[in-house]
Amino acid sequence: MLDSKALQRLVILNYKNADNEELVGLALELVEESNGGIQVRVLRDSNVVSCVSVVPLKECKVDDLQGCDCCE
C-alpha cells in the first residue's frame with residue numbers, strides 16, 4: 001500500500017494561528033508493518049479538533065449485482 005516502510009504523514013487540516021503561522025490541525029501518520037498491516041497514528045491540535053472517532057469500515061456481503069444500498 002505504501003511506497004516504503006518509512007513513516008508517512010498525511011495532513012488533513014491546516015489552520016493559521018493569531019500570528020498568521022500555518023499549523024497542522026489534523027494529520028495521520030502511517031507506517032507499514034512487517035505483517036502487511038498499516039499502523040496509523042492520529043495527530044490533532046485540540047484548539048481546532050475537539051474529538052476524533054475511529055469507526056471500522058462496514059464490509060458489504062451483498063453481490064454488486066443485487067443493487068443494495070447498505071454500503072452507501
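FYI, the numbering just counts along the sequence from 1.
- With sequence neighbours excluded, the residues satisfying side-chain contact (heavy atoms from CB on, under 4.5 Å) with Val52 are Leu26, Val42, Arg44, Val49.
- Applying the side-chain contact (heavy atoms from CB on, under 4.5 Å) rule to Arg41 yields the partners Glu29, Leu43; only residues at least two apart in sequence or on another chain are considered.
- Within the structure, salt bridge (Lys or Arg N to Asp or Glu O under 4.0 Å) pairs that include any residue of residues 10-23 do not occur (at least two apart or interchain).
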| message | Between Leu30 and Leu7, is the side-chain contact (heavy atoms from CB on, under 4.5 Å) condition met? List the steps. | response | CA-CA 6 Å; Leu30 307 158; Leu7 180 76; over 6 Å; no
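- Grouping the Ile, Leu, Val, Met, Phe, Trp and Tyr side chains by contacts below 4.5 angstrom, directly or via other members, places Val31 apart from Val11.
- Using a 4.5 Å heavy-atom cutoff, the side chains of Val24 and Tyr15 are not in contact.
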